[in-house]
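Notes to accompany the following structure.
Note that these values count all heavy atoms, side chains included, but never hydrogens, waters or copies made by symmetry. Each chain gets a letter, A, B and so on, in the order the sequences are listed, and its residues count up from 1.
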Amino acid sequence: MALSGMRGLSVFISDVRNCQNKELERARVDKELANIRTKFKNDKGLTPYEKKKYVWKMLYIFMLGYDVDFGHMEAVSLISAPKYAEKQVGYIVTSSLLNENHDFLRLVINTVRNDIIGRNETFQCLALTMVGNIGGKEFSESLAPDVQKLLISNSCRPLVRKKAALCLLRLYRKNPDVVSVDGWADRMSQLLDEREIGVLTAVMSLLVALVANNPDAYWNCVSKCVRVLERLTRSQDIPQEYTYYGIPSPWLQVKTMRVLQYFPAIDDPNIRRSLFEVLQRVLMGTDAVKNINKNNATHAVLFEALALVMHLDAEKDMMAQCVGLLGKFIAVREPNIRYLGLENMTRMLMVSDVQESIKRHQVQIITSLRDPDISIRRRSLDLLYGMCDVTNAKDIVEELLQYLTTADFAIREELALKAAILAEKFAPDLSWYVDVILQLIEKAGDFVSDDIWYRVVQFVTNNDDLQPYAAAKARDFLDKPAVHETMVKVAGYLLGEYSHLLSRRPGCSPKEVFSIIHDKFATVSTPTKAILLSAYIKILLHSQTVDPELQNHVLAVFRKNETYLDAEVQQRASEYYALSRKGPSMVDVMAEMPKFPERQSALLKKAEDTEVDVADTSATKLRLMQLTSTAVVVADQKPANGVHPALTRVPSGQRNIEAPTVPVANGGQSPAPVDFLAIEAAPTHSAPESSPLVGPGDSLALALMDNQASTVQIGLKAEWRGNQGRIVLFLGNKHTAPLLSVKAVILPPRHMQLLTSNVPDTIPPRAQVQCPVEVTNLSPSREIPVLDFCYNNSSAMVSFKLRLPVIMSKFLQGATLAPADYIARWKALMGPPNKLLQEVVRGVKPLPLQEMSDLLGSLHVAIAPGYDPNVNNIVGAATYFSENPTLCLVRIETDPADRTQIRLTVGTPDTSVALELKEYIKERLVDIPSGAAPTSLPGMPSPADDLVGPAASLAGLI
Amino acid sequence: QIRFVLLISRQGKVRLTKWYSPYTQKERLKAIRELSALILPRGPKLCNFVEWKGLKVVYKRYASLYFCICVDSEDNELDGLEVIHHYVQVLDRYFGNVCELDLIFNFHKAYFILDEILIAGELQESSKKSVSRVISAQDTLVENAKEQASSLSNMIAQATK
């Protein structure tokens, strides 16, 4: 034992150790720091030995958690010392104190380089070690070639070469460009012939990183790696010092198998055969042994072999053998092996055809959910989540719910989310789903995000059969003591909408329901209060016969909250008060919410996002990406639009409208609440499988009410391709009586050909009919087809007109041109004959440049940023499809001094297209649809004259 | 890839830290705090792995000291566990039946030895013999340097502390 006796250091350490408490320790440390600071300040008298000592003291103090920034420079300066003893301390303390981003490191790059290229082997080692541990990008750029030279040099000893290999690995991680692929593939292959195991281990680590980034370049290494494995597993000429508990370097075995997992597949039958022989030997020949370290080492190799087998997608027998082994592992006493068994089983789920055999171990896996070790519980949860499908969802989710009450806080949120996702993905029936989520809220309300209960509301709203069930359940849960606020929200919403369906059951009269909800009102937060107010008015107006006592109660609550602090609550209270005083004629205003359009669950979306969000190059993650994951079954391929189910915000006259091409319409023009419109936007993009040519399909669902209090709902779905479009109109009868003499006629504008299928004469009660329409655009025009809809609702004829959103931009498709091409075309249009139409437009709504550019983009014009040297200009291009496709170039010149004025230029070879397009864009710019009356279009009657109520609002949409 | 190595005593005192990924001082202290809270209370019959911030910490207790290494979540955990044991074996060889006090008063030695075992968070040398050879060669170099240093400066050194 050679201790370099630095007495001062030992004394200091003893002093610190003898400090009784943290304050004394701090006092002692501060004293020492002051001492060091003075010494460093007048460093005339410091011997190298002293300097070294103080730097060590600093590292010790730093380790205790104190700040020693003032001394960084001293540590770094020791690197330049001429003698080994000081240099060593400088290198090692620097690499412990600083991280790669520290500025001081720049100061020593040159010294470090000189040490690396110098003749002194011990200096080389010190420098390589430090660079390998904390070298950053700058080191990468200036040192990589020198380090590479050392690695392949014949004259260097193994000691230097293995350090060079790992140092190069660090530099490569910091900047992959420092290793040129062409030269190094062959070099690496040669380096794999290395006999010295220490160097080979370091080289293998380097190879893992190289192959992970670029497997194609290192194909030539595959056979060599397999040979290394053969050599190791057969224990051929492995020096004694490189065996670990009798096992030939388990680390090298693991690394070599890791390298092989980065190659997509190994096709050469000979290599494949040799490799499988090796793997088979590992799988068969690993038995549990008593010595724990030996056991760990053999199992480290075994688990890596399992991963490689999975990756190679071996024959069925071998896979079955792997699952068998893992099944054994998850039941053993040794916690490490149990943990790894569960972890690897989860990875195995990615491989096809093994799910069934894994399911056989379900009982054991569920047992692990109650393991005393949280690490193991986590693995078990992950595995259960991964292996869940329709056949076992009920069992697994119920287990998770049971576990929830006893689970650690650290894991509850994840648990709740996973249970909710599984319940939704694999629900055998929807009432079960409702049960699960309500239980979830009851047991872990704090961990149930809004997304989860929104989703319940969506399902219940869209499934009539479910409504009484859900309402009854919600009622029951409210009876329990200590109801979580999330439960109050969801129960309040559900009872508001559907408690009238229960009114005959005992304890469910409107009065009783109201009072049980209102019990919670005083203690809930403001957003919940708002939900409850909506529930109250719905309960009141849904009841068949008005109970004066209930009415007084509810009105009193509204009155009281008219002066509530929060504006939303205040507004709801006063509006509901006014509405409810109008009595039963308001029933339809408070009708049940219309069904939500089908949309992907926000939860599933979240889950997918986290799975897609892997930019890593690790073997398992790559594997995940290579395989089409069978672990996630997506119930519904439509992309989410992230819109939560809208709560009833009816009487405030506000509508949230999102339609594909319209930024936002926030209409305030409907005077009375009678023509209430609930407009729910649908996803703006159609299913992802649609080819890029298809414009974003769009759909909107509209609920209209006429003044006869019967309801008709008209929805629309559209798909566009070139100059063709396909629209499907959904005509729904919300009323309980049939709609008779239905007529839906579309008046086609001159430029369009429309093929409409017949609409049945009668729409039965609560039914919906679909009416497909084929659209062909023949010539450019801004005119819009109008649907003329009329029916007899058993008392009178009703008719109205709706303008359909078949607008010009539906036939536009963004065109991307190279800058040179763009300019050439622009010049060609400039003439002669001049095909550019230009106009200075005033009264433009002032918009920031980006928004204006986004607006143009929303019209399907591809913006070409940077093509125009003037940054205040926006240029773009699109193809317009009518009988023939026409390329259109667009430029908007803005004036930074006056944002209400622009110059708009549109150029196309076809002047009629240019004219229409220019007008079309101009309309959007002058009148950003903001809910104000839309500009009347030429050839169209002004909507205000002709279209009343809902139809007028719809016109505002397009 | 090993992100960092920590040696923590049962009382939560830090005995060695080595960071291979760039962590600021603040992040380092936070990590040490969080991991102490996570690892020290764990019972002896639990597994040697804890999951932390999307990474994995492999640890093992030797007498009063916890040796911890933080690795990527898809790294081979047992491989890491035996890297720890390998390090402990080399320390043991060097100090002869190593104990916590050895590592406190000779913490710099623990750093030197670690640097011969890991570089860039990867195993550099798996032969204990080879590591020991290098370390004793280093010691000799330092001793020689000391002898060469004038006896005067040695005396000054003794006098100042």
**Study point:** Residue Asn296(A) versus chain B: region with a heavy atom under 4.5 Å
**Key:** both
**Study point:** Side chain, backbone, both or neither of Lys255(A) within contact of chain B (heavy atoms, under 4.5 Å)
**Key:** side chain
Review point. Any side-chain heavy atom of Glu414(A) sitting closer than 4.5 Å to one from Asp382(A)?
Key: yes
Check your understanding: Is it the backbone or the side chain of Arg17(A) that comes under 4.5 Å from a heavy atom of chain B, or both, or neither?
Key -> side chain
Practice item. Check each atom of Arg173(A) against the heavy atoms of chain B and say whether the ones under 4.5 Å are side chain, backbone, both or neither. Key: side chain
Review point. Taking NZ, NE, NH1 and NH2 as the nitrogens, is one of them in Glu50(A) or Lys39(A) under 4.0 Å from a carboxylate oxygen of the other?
Key: no
Practice item. Counting only heavy atoms closer than 4.5 Å, note whether Ile104(B) contacts chain A via side chain, backbone, both or neither. Key: both
Exercise for review: Determine which residues belonging to residues 45-52 of chain B lie within contact range of chain A, meaning some heavy atom pair is under 4.5 Å apart, and list them by number or answer 'none'.
Suggested key: Lys45(B), Leu46(B), Cys47(B), Asn48(B), Phe49(B), Val50(B), Glu51(B)
Check your understanding: Under a 4.5 Å heavy-atom cut-off, does chain B meet the side chain of Tyr60(A), its backbone, both or neither?
Key -> both
Review point. Given that the side chain runs from C-beta out, which part of Val134(B) has a heavy atom under 4.5 Å from chain A: side chain, backbone, both or neither?
Key: side chain
Practice item. Name the region of Leu252(A), side chain, backbone, both or neither, that has any atom closer than 4.5 Å to a heavy atom of chain B. Key: neither
Review point. Counting a contact as any heavy-atom pair under 4.5 Å apart, which residues of residues 55-70 of chain B contact chain A?
Key: Lys56(B), Lys60(B)
Review point. Would one find more than 12 heavy atoms of other residues, nucleotides or ligands at under 6.0 Å from atom NZ of Lys30(B)?
Key: no
Review point. Relative to chain B, which segment of Gln253(A) carries a heavy atom at a distance below 4.5 Å: side chain, backbone, both, or neither?
Key: neither
